[in-house]
Protein chains: 2
Amino acid sequence: MSDLVTRLRRHQWRMTPQRRVIAETLEGAHVHYTAEEILDRACERMPEISRATVYNTLNEMVALGEVVELNFDGRSKRYDPNVDHDHHHLICDGCGVTKDVHTVADPLEWLPGDERHGFTVTEASITFRGLCPECAPAR
Amino acid sequence: MSDLVTRLRRHQWRMTPQRRVIAETLEGAHVHYTAEEILDRACERMPEISRATVYNTLNEMVALGEVVELNFDGRSKRYDPNVDHDHHHLICDGCGVTKDVHTVADPLEWLPGDERHGFTVTEASITFRGLCPECAPAR
DNA sequence: TCTTTCCTTAGACAGAGTCTAAGCTAGGAT
DNA sequence: ATCCTAGCTTAGACTCTGTCTAAGGAAAGA
Ligand SMILES: [Mn+2]
Ligand SMILES: [Mn+2]
Ligand SMILES: [Zn+2]
Ligand SMILES: [Zn+2]
């Protein structure tokens, strides 16, 4: 079944029908959905599911560390169930399509000690931008 | 005077009193303000300035390429007049303080060709996260 | 079964940002 | 100097995204 559902069951967390539908919707398509997109798709399987439950559930999954919240554009947040393989994102400035990408090394290594301002630095995420093949200007 | 104002004058762009106050407010403190923070500070010098003008002006500066819009938290956007020196950001997960940082090399070099999905990749921005000295757990 | 806790729901609410319609200003033309 | 016009500013309505509240509903232990 859903690997996300499996991971969620390991926490002391009641797996209700609503939460299962949300988890399966989130993981099913390998894209980065907004909360409203998840609500629309979850409604196809469970028409009475509420907006509040979708938002609550996504926030809980994030708090449990099983989903990552992404903020690309300052509009809607997007939710990424793919937390096991750490990765970064490549976004098309034309159409907005977003791909998972992997760098040759851990970006934390690229921040020298004298640029750390005394911080304990634990995470680095990269947003690459450009134009996808469809949006690139015709040659 | 303000280097941002100088850069803006090079575009065919009417430099009104409102726009000058906004530009000087934005560049004056070397922090990353939200639109509302800029409005508050601009009001100290020009009490009748409107919210709409602040938002319009910031969006125009971004369109002119003289200011960069940042989206760290999915709440308010922040505006960065420091576009000349390209740099990245280090954020404290505790208190939210944000520092400009510089990496040892251009992050674009770390995305291999077979991870580019046919895109023309033009930009990479890194968000580093951690805890600042004040927020770090006591030793 | 009873009880307690947690979950779901509709709808009100809030924050951030955009849009509209009206009046105003800057700066070129005369 | 004055006129004209395009572009700028304004208040406030509106939209979008997300949170909160209060009430009822399901689950699991006693
Ligand atoms: Mn991803
Ligand atoms: Mn900066
Ligand atoms: Zn595209
Ligand atoms: Zn801190």
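Reminder, nothing fancy here: chain letters follow the sequence lines and each chain counts from 1. Treat the numbers as computed from the prediction; the structure is a model and nothing was measured.
- To the nearest angstrom, P of D/dG7 lies 17 Å from CE of B/Met15.
- If you check every strand for non-hydrogen atoms under 4.0 Å, A/Glu36 touches nothing.
- With A/Ile22 as the partner, the side chain to side chain contact (heavy atoms under 4.5 Å, CB included) test is satisfied by one option alone out of A/Thr16, A/Leu39, A/Thr57, A/Val67: A/Thr57.
- Taking atom OH of A/Tyr55 as the reference point, atom P of D/dT21 lies 18 Å away to the nearest angstrom.
- Between A/Thr16 and C/dT8 there is a side-chain N or O to OP1 or OP2 distance below 4.0 Å.
- Phosphate contact (OP1/OP2 of D/dT10, side-chain N/O of B/Thr53, threshold under 4.0 Å): present.
- Using modelled atom types and a 3.5 Å distance limit, the side chains of A/Glu36 and A/Tyr55 yield a donor-acceptor pair.
- Residues B/Asp100 and B/His88 bring no donor and acceptor atom of their side chains to less than 3.5 Å of each other.
- Going from atom CD of B/Glu37 over to atom P of C/dG15 covers 15 Å, rounded to whole Å.
- Under the 3.5 Å distance criterion, with hydrogens and angles disregarded, a donor-acceptor pair is assigned to the side chains of B/Asp80 and B/His89.
- The distance from atom CG of A/Asn71 to atom P of C/dG17 is 12 Å, rounded to the nearest whole Å.
- The nearest whole Å value for the distance from the CD atom in A/Gln18 to the C1' atom in C/dA10 is 14 Å.
- Phosphate proximity of C/dT18 to B/Asn56: absent, as no side-chain N or O sits under 4.0 Å from OP1 or OP2.
- Remark: the B/Arg75 side chain and the C/dG15 base include no donor-acceptor N/O pair separated by less than 3.5 Å.
- Position along DNA chain D of the nearest nucleotide to B/Met46 versus A/Ser76 favours B/Met46 as the more 5'-ward residue.
- Atoms CD (B/Gln12) and C1' (C/dG27) sit 15 Å apart, rounded to a whole Å.
- At a cut-off of 3.5 angstrom, counting only N and O atoms as typed in the model, there is no donor on one side facing an acceptor on the other between the side-chain of B/Arg14 and the base of C/dG27.
- At the heavy-atom level, A/Arg51 lies under 4.0 Å from base atoms of the strands shown.
- The side chain of B/Lys77 lies closest to C/dT18, out of D/dA11, C/dT9, C/dT18.
- Annotation: of the two residues near DNA chain D, A/Arg78 and B/Arg19, the 5′-most nearest-nucleotide partner is B/Arg19.
- When rounded to the nearest whole Å, the span between CD of B/Glu69 and P of C/dA16 equals 15 Å.
- For the pair B/Pro17 and B/Thr34, nearest-nucleotide mapping onto DNA chain C gives the more 5' position to B/Thr34.
- Distance from the side chain of B/Glu48 is smallest for D/dT10 among the nucleotides C/dT18, C/dG11, D/dT10.
- In this structure, the side chain of B/Arg19 engages the main chain of B/Arg14 through a donor-acceptor pair within 3.5 Å.
- The CG-P distance, from A/Asp73 to C/dA16, rounds to 16 Å in whole Å.
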